[in-house]
Amino acid sequence: MTKAVIDTDKCVGHGQCAMMAPDVFDLDADGYARVIAADITGDLRRDTETAAMACPEQAIGIED
Ligand code: SF4
């Protein structure tokens, strides 16, 4: 299983991740990101990589 992870100490809630990978990330009521996909394979992994590059805080990681 491959997981998307968010470093909550770094996330400041820009929201790019939810726009780049809406099937992987959502924003909570305070605007901070949370992971909504249990397993990211195929297109979801590609979208997560795109979101990770777009995150200004470098708060997104991928764990295999
Ligand atoms: S783009 Fe980065 S800083 Fe912004 S909400 Fe997503 S994880 Fe947090």
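Start at 1 and go down the list; that is how both ligands and their atoms are numbered. Every heavy atom of this structure was used, including side-chain atoms; hydrogens, water molecules and symmetry mates were not.
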Pairing of Asp28 and Arg34 as salt bridge, 4.0 angstrom limit: no

Sub-2.8 Å protein N, O or S atoms surrounding atom 2 (Fe) of ligand 1: Cys55 SG

Derivation and outcome, side chain to side chain contact (heavy atoms under 4.5 Å, CB included), residues Val5 and Val35: CA-CA 7 Å; Val5 293; Val35 176; 5.8 Å; no

Pairs touching residues 6-20 that satisfy side-chain hydrogen bond (donor to acceptor under 3.5 Å, both in side chains), sequence neighbours left out: His14-Glu57

side-chain contact (heavy atoms from CB on, under 4.5 Å) partner of Val24, chosen from Ile36, Ile60, Thr50, Leu44: Leu44

Ion pair check, Asp64 and Arg45, cut-off under 4.0 Å: yes

Derivation and outcome, side chain to side chain contact (heavy atoms under 4.5 Å, CB included), residues Ile40 and Ile62: CA-CA 9 Å; Ile40 53 164; Ile62 294 174; 4.3 Å; yes

